[in-house]
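Numbering of residues begins at 1 and proceeds along the displayed sequence. Values below: every heavy atom of this structure, side chains too, minus hydrogens, waters and symmetry copies. Note that this is a predicted model, so its numbers are computed, not measured.
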Amino acid sequence: MMRFHGYVEYFLSGTIPRDKEKILNKAIEELNNDFLLRGAKKREEAARIKDFKILNNRLILEIESGSRVRLHHAALRVKNFLSNLLGREMRIGIRGLTLHQAKIVIDTILHVSTKLPFVKNVYNEDSNTIIELEDLSESDIKRPIIDRLLKLLEFKERKLKWGGKIEHWRLIKQSEKKEPRFRDDPNIILEKIGWIKRYAPGQWLYTPPITYIIREFERLFYREVLKPLGFIEAIYPKINPLEIGVKTGHLKGTVHQMMFASQPIAYNPEDLEEWTDLVTVLEEAPPEELRKYTKAPSYFICFAQCEPFYWFFGGEIIDVDKLPMKWFDRSGPSFRWESGGLRGIERLVEFHRTEITWIGEPEQVIEIRNQLLEKYEYFMDKILDLEWRWAWVTPWFLVHAGEIEEETGEIDINQPGTIDFEAWLPYKGDRKEQNAWLEIGNISIHGTKYTSSFKIKHQAKDKIIWTGCSGFGVERWLLSFLAQKGFDPDNWPKKVREFITKPPSSVRTVTYPKTKEGKQLLDEIERLLSKLSGD
């Protein structure tokens, strides 16, 4: 149960004459007995004007309300009603309104922070949670700030009950156990032999030999999985306006992992001359000073890679004959801030991914997802010969969006949700240990989460459109493969060995690789890879 109380101040174009106040009394009586009851099944769910006073050209109403006709909705209803009345009877208009001392009373104890936007104070009283709001303008009410705030409260309370996790994980399938041919950490080896060189935390330069192998993994995946299923390649932008992240929900749920970009304050070089002078004198670039010469961030750098796909179809009516549409993108890197979790190519800030996206009617989206699952199992099991497992994860963002219910019983994978693909990393421990498994990809059905927020419509008004996406981190494919198979092609499955030929020569200088051990290790790995056929 929820109740509201507050004071609505209406700004009038003139003062209500005293001899006309009876008209106002009668209007308030009509509002309480009719207009403010509409939409409520019970009187306690409706709104009611408790009192009013006139101060020059201001009319202040004290309003209390229930959960159906809420205070802010009542304020707008009253404005519409009084605008007609005052204009007709007194030639007075209403120029605007402000909601003061608004109070929401919820008959349960909630864990609400005063840091929430537009919240002035929160306290508990008699098993109730009382939320006091800052003053709100008419535009705030219409946006509608209070309704969104209440949804946010519900979201936070459900998330608390969810257990503070982003998702719930349940094993649904796994491969046979496969004896690893290798037990060392490929991250350490790749850096020692100089195939990768740290550029910045979570970023690496990949030299030609490992770049070649990464690209061959991408091509192998395309040949064995995407091409047979009819996916065609597109190029998606890798920097997104903030409003895209609002629509997808990433700016609400994963902002702590996102990287942002800003524009310079001006295009004219003279406007940034003080900055260039400072860098010239210091021979360094102080980040705090740079803030003075850039605008506030207006972009987020590619986070999920699939966002432009939904944007492209936004506002469009899709011809049923064109469904389903199946695209993929591998044109550039994605970025995620992993903070203290960065390690080798296992966990990165900048990484490369093949992102698969599709759109269609619900049955089509499910069928495509199932076809991909079949191909993924074949690719991981028969092509790469990995030890893998799949987990059904119930993402909190889909529960919150109303696309799926919380998982309580049997798993139904033909509903919106996500399947994670994980590979065992023997160097991290026994396969029984959770942290010895690395997520190498996932596949999701979104339901109408994105078609709704981007207003993507079906040609037939009585039908809906769903979307799906799937992504594989190429560095993680390679790491998982090397972790289980090592660098000796004799231990690689036949398909991989047939597809990947001898890589380009490694980089060697007087000082690179950095250590004697690294140079010797590189010699050994090049000797092993010489077993591969040439181009």
Asks: Given side chains that start at C-beta, do those of Leu136 and Thr98 come closer than 4.5 Å, heavy atoms only?
Replies: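 Not in contact.
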Asks: Using the benzene-type ring in the case of Trp, are the ring centres of Trp358 and Phe313 under 6.0 Å apart?
Replies: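 Ring centres of Phe313 and Trp358 not closer than 6.0 Å.
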Asks: What is the ring orientation for Phe454 with Tyr310, classed by angle as parallel under 30°, tilted 30 to 60°, or perpendicular over 60°?
Replies: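 Answer is tilted, since the angle falls between 30° and 60°.
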Asks: With sequence neighbours left out, write down each residue that passes side chain to side chain donor-acceptor pair (under 3.5 Å) with Glu45, or none if nothing qualifies.
Replies: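 Residues passing side chain to side chain donor-acceptor pair (under 3.5 Å) with Glu45: none at all.
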Asks: Does the ring centre of Phe335 sit less than 6.0 Å away from the ring centre of Phe303?
Replies: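 No, too far apart.
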Asks: For residues Val122 and Ile130, determine if any side-chain heavy atom of one lies less than 4.5 Å from a side-chain heavy atom of the other.
Replies: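 A side-chain contact under 4.5 Å is absent here.
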Asks: Can the ring centroids of Tyr299 and Phe260 be said to lie less than 6.0 angstrom from one another?
Replies: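 Ring-ring flag for Tyr299/Phe260: false, centres at least 6.0 Å apart.
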Asks: Can Arg330 and Glu233 be counted as an ion pair, charged N to O under 4.0 angstrom?
Replies: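 Answer for the salt bridge query: yes.
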Asks: I'd like to check the salt bridge (charged side-chain N to carboxylate O under 4.0 Å, His left out) partners of Glu191; sequence neighbours left out, ordered by chain and number.
Replies: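 With sequence neighbours excluded, Glu191 shows a salt bridge (charged side-chain N to carboxylate O under 4.0 Å, His left out) to no residue whatsoever.
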Asks: Looking at Arg343 and Glu346, is any side-chain nitrogen of the basic one under 4.0 Å from a carboxylate oxygen of the acidic one?
Replies: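 A salt bridge links Glu346 with Arg343.
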Asks: Using the ring centroid of each side chain, check whether Trp195 and Tyr206 are separated by less than 6.0 Å.
Replies: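 No - the distance between ring centres of Trp195 and Tyr206 does not fall below the 6.0 Å cut-off.
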Asks: Give a yes or no on whether a salt bridge exists between Lys428 and Glu433, defined as a side-chain N under 4.0 angstrom from a carboxylate O.
Replies: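 Glu433 and Lys428: not salt-bridged.
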Asks: Do Trp390 and Phe421 have their ring centres less than 6.0 Å from each other?
Replies: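 Yes, ring centres under 6.0 Å apart.
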Asks: Taking only residues two or more places apart in sequence, or in another chain, which ones meet Tyr376 in a side chain to side chain donor-acceptor pair (under 3.5 Å)?
Replies: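 Tyr376: side chain to side chain donor-acceptor pair (under 3.5 Å) contacts with Ser470.
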Asks: Over all heavy atoms of both residues, which pair between Lys463 and His458 is shortest? Give the atoms and the distance, please.
Replies: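 That would be O-CB, 3.4 Å.
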Asks: Taking the ring centre of each residue, are Phe217 and Phe481 less than 6.0 Å apart?
Replies: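 That pair passes the under 6.0 Å test.
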Asks: Hey, what's the ring geometry for Trp327 with Phe309, parallel, tilted or perpendicular (30° and 60° as the breaks)?
Replies: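 Rings of Trp327 and Phe309: perpendicular, as their planes differ by over 60°.
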Asks: Do the side chains of Phe472 and Ile443 get nearer than 4.5 Å, heavy atoms only?
Replies: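 Heavy-atom side-chain distance check fails, nothing below 4.5 Å.
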Asks: Do the ring centers of Phe231 and Tyr222 come within less than 6.0 Å of each other?
Replies: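 Centroid distance Phe231-Tyr222: not below 6.0 Å, so no.
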